[in-house]
Amino acid sequence: MTVRSVSQSLPTSRRLAGVLQQVAQVVVGKHEPIRLALACLVARGHLLIEDIPGVGKSTLAQALAAVLGLPYARIQFTSDLLPADLLGVSIFDTQSSAFRFHPGPIFHSVVLADEINRAPPKTQSALLEAMEERQVSQDGETRPLPDPFFVIATQNPVEQIGTNPLPESQLDRFMLAIELGYPDASAERDLLAGGDRRRHLDTIVPQADAPTLREWQREAASVHVAPALLDYLQAILAASRGHAAGARGEQPGGTPRRGLSPRAGLMLVAAARAYALIEGRAMVVPEDLQAVFPAVAGHRLAGGARAGAALAQALLRAVPLP
Amino acid sequence: MAASPPRPLGPAQIRALGVLLVAAQLPLVVHLPVWVAAFGLFLAGLRFALLRRDERLARLRPARIPSWALALFAVAIALALRKSYGYFVGRDPCVAFLFVLAGIKFLEIRTTRDGTLLACLAMFVALTPFFYSQSLLGALAMLPAIVAAGVALEALAVRDPGAAGPSIRAAWTRSASLVAQGLPIAAGLFLVFPRLATPLWGLPADHAARSGLSDRMAPGSISELSLSDAVAFRVSFDGPPPRPEDRYWRGPVLSLFNGREWSALPPRPGGSLARGDRTIRYTVTLEPDDHRWLFALDLPSSLPAIEADSSVNAPKVGSLARDLQLVARAPVTQPLRYVQESVLGDRHPAASAGELRIDARMPPSNPRAVAFAQSLRSRYPNDREYIGAVLRWFRDQPFHYTLQPPLLEDHPVDAFLFDTRRGFCEHFASAFVVLLRAAGIPARVVTGYQGGEINPRGGYMIVRQSDAHAWAEAVVDGQWQRFDPTAVVAPSRIERGLYGSVPASDPVPLFARGDTGWINHVQLALDAINYRWRRNVIEFDHDRQRALWRDWGVDRFPPWQAAMAVTAAVLAWAVAVFATFAVRRRRGERTARLWSALCRRLARAGLPRPPWEGPIAYAGRAAQRWPQFAIAFDAIGSAYAMLRFGPVSEDERSALVATLARAIEVLPSPASLRATAHS
């Protein structure tokens, strides 16, 4: 018999590689964040991007929507944004003498919630509830959101004046929190030479559609997770809770504020599965877990992507493979 | 050991115990009254329902039924059983009580201690069907309970009931494989573990009578018995079986008559064995009937013995009474097997005239029969001619042989002979003997079985209750001679059995009908399997074990050597089982050994693996450092990652281990690796 290679070329992973390549044409020099964003989408999670304006957050969101052939909406969160602006309103239609629902921008498959921390808590809460339930309840009627439904929220970690920072319980709704960061020198040179990259959005060829993406999501959920990997994950979770010796101590940024919840563990498994699928593996290996761990655990451990990522890396290095 | 606080049971543990209890209860259900069976199962179901409710409502304190209520309940059950059965100390009510008590215990278990107790109780319940029947089917029906016991005990051993236990399916597979591994040991011990000559304990005899011939016979009693197709006994013959007309299985001999009912004298010892040249030897396996009769073909020429090859001194299971009845030493409550010899014949010497008086006594009843006999006697003064005349009269008059004779009131023989003329064998035998006694000829009724069906699949004969029969014996020329008036009226009864001799509308039991197609074939096949099971397993007792040892020549060795050999065999089996597991575990260990050896070598070559680094990342770094071995490193990383984290079958596993080993062999020594490092 022949031994299967660990990174066998799954048909799905070839198509996912096509998606990544298309997005990389538009968002230059950001291979790993793109990969994590796609993993988040395939794992049916939502993505939080913490970064300063102008690094290509909304370009990434638009590019992902375009390459997957999904309808896209962008909502600029402001201090006077109301839940109805997001979810939609019922207006009395004089011709039919009945209330008619006008769906808000949230009824799109890919929603970019820009500067989410600028909106009042009530509106934030409405968004996060919709993210969790994948439906909108208004005027006593429940309307399902499209499937797939993927929210990319951004917030600016520097300017905090006049903002409502997301509480930890709401940060928990996001599967992944990443930073885009400045492009490196060569990528920035390309960017500067090539002009506005947004023009390239029009050149993107859709690589999939909603049913295909749902199929990928199902496939990701069935990627094999071995008992040994769960051992490793549990060791990491225990270390984050300060149970394991050596997990505390001289970590940069001090000890975690709190340990990772079981939900965080579930999200880690889901994200690692999706990442393994993108890598073309029929099983999750520790490398997959380690790749998604800073993005999944960072904002849960420290409340911010940057501080959390460092903490998460330190945690990973403190836990040996079983 | 310090007393630890009682550990509460988790829902998974309670479920496992419940499954065990139900698996133990189910085979017993057929032996219990419907209300007891339904009630015991209901109690188990109630606990399941409560458990579900607790889980759905996520209640911290599970719903409970107070202990005093359960105790009261148990007392009520005991009283109800006493009322239902009419007695309490006996097998049936006690088993029923245990059945319900186990259900009650299940309702209230809370701690692991309770759980262990319930597991023991359930396993005892699982044993109780053997009090009723030791058939192969019964033994198979017990298997689920055994496997469930393994699952429950494993669940009980889990220290932390809140944690997710092993998957249900894996637990069942594991338990079943444990049972399968234990079977050879059990089979070996079955053969060699010394058995006691007498049981350690006995079962209380129950009051409920079983079907079978009794020492009394009234009109209708045998036709009633004939409605049952239960097996009376099975016979295997050493030679060819006797012809149908010779198949008279002698049972209770009835000499006393009160005008309506026949009854037997208390057995008097001193019967003499028959001598003759038509000897036939056979082994009878008698179903328990709570009576002391042993059945033999007319006429017994030996005492019933346990062993086929036994000498004169071999233990006998019964004695011969003066009227040639075989009588067991104790009522037959367990299946009894004995070797018997008979001389086929229909006459044997009669005792002195003084003793025959009792066989000529007539109570003042049935005047019409007596008058008829006397008028007939005046025409035939010779005994033999008179008997011939009576039999002719039976044949010529319109008598009918039927399973559904009309009810006879006073003077039943008169009514039968002159009014109804429809009867079963007991009517004919009884009327025949009355006519003979009224003419002064000593005569008596003999009951037993007539016929038997050869099971072609087992080469043995099945005699059922539906073969029950009654015939007559009379003294002619100083000898008892057998006469069967039924054979005169319905000759086919003797030749072909019950079915076909009675009207088609009579309710003949299914398995007595001879050829009824596939049902009969299946039934005979099952009976043959059960017969072998009984002969080879159930009846393997102290004596047969000794005989087997003799055959093996074990008795030539001193006991300690035999014991050593047995111990060695058991140990060898255990070692074989453990070795299988050790090989499997070593395969996992080999992977780990290969991997850590590789890590050590690369560390010496200047590329240590940090403890947190995954195999693919590490192999990737190594491939960058030594690009000339990139293919080997890729194979190593892939194979190890597959073995550790992949879904691999057993076949793939060994292939992957081989790949891993080969790829590591390709690499040169650490020193030369260090010398050729890239960058």
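To find a chain, count down the sequence lines: A is the first, B the second, and so on, and within it residues start at 1.
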Exceeds 12 heavy-atom contacts within 6.0 angstrom, atom [atom1] of [X]:
| X | atom1 | answer |
| --- | --- | --- |
| A:Arg214 | CZ | yes |
| B:Ile631 | CD1 | no |
| B:Arg593 | CZ | yes |

For this session: Identify the heavy atoms of B:Pro647 and A:Met283 that sit nearest to each other, and give their distance.
Result: CD-CB, 4.0 Å

Exercise. Rounded to the nearest 0.5 Å, what separation is found between the CH2 atom of B:Trp612 and the CG atom of A:Leu315?
Worked result: 12.5 Å

Exercise. Taking atom CZ of A:Arg281 and atom CE of B:Met642, what is their separation to the nearest 0.5 Å?
Worked result: 11.5 Å

Considering only distance and modelled atom types, tabulate donor-acceptor pairs under 3.5 Å from the side chains of residues 614-622 of chain B, sequence neighbours left out.
unit_1	atom_1	unit_2	atom_2	d
B:Tyr618	OH	B:Leu607	O	2.6
B:Arg621	NE	B:Glu613	OE1	3.4
B:Arg621	NE	B:Glu613	OE2	2.8
B:Arg621	NH2	B:Pro608	O	3.2
B:Arg621	NH2	B:Glu613	OE1	2.7

For this session: Please report the C-alpha distance between B:Phe645 and A:Leu229 in whole Å, then the side-chain angles of each, then the deciding distance to 0.1 Å, and finally whether the side-chain contact (heavy atoms from CB on, under 4.5 Å) criterion is met.
Result: CA-CA 6 Å; B:Phe645 302 106; A:Leu229 191 98; 3.8 Å; yes

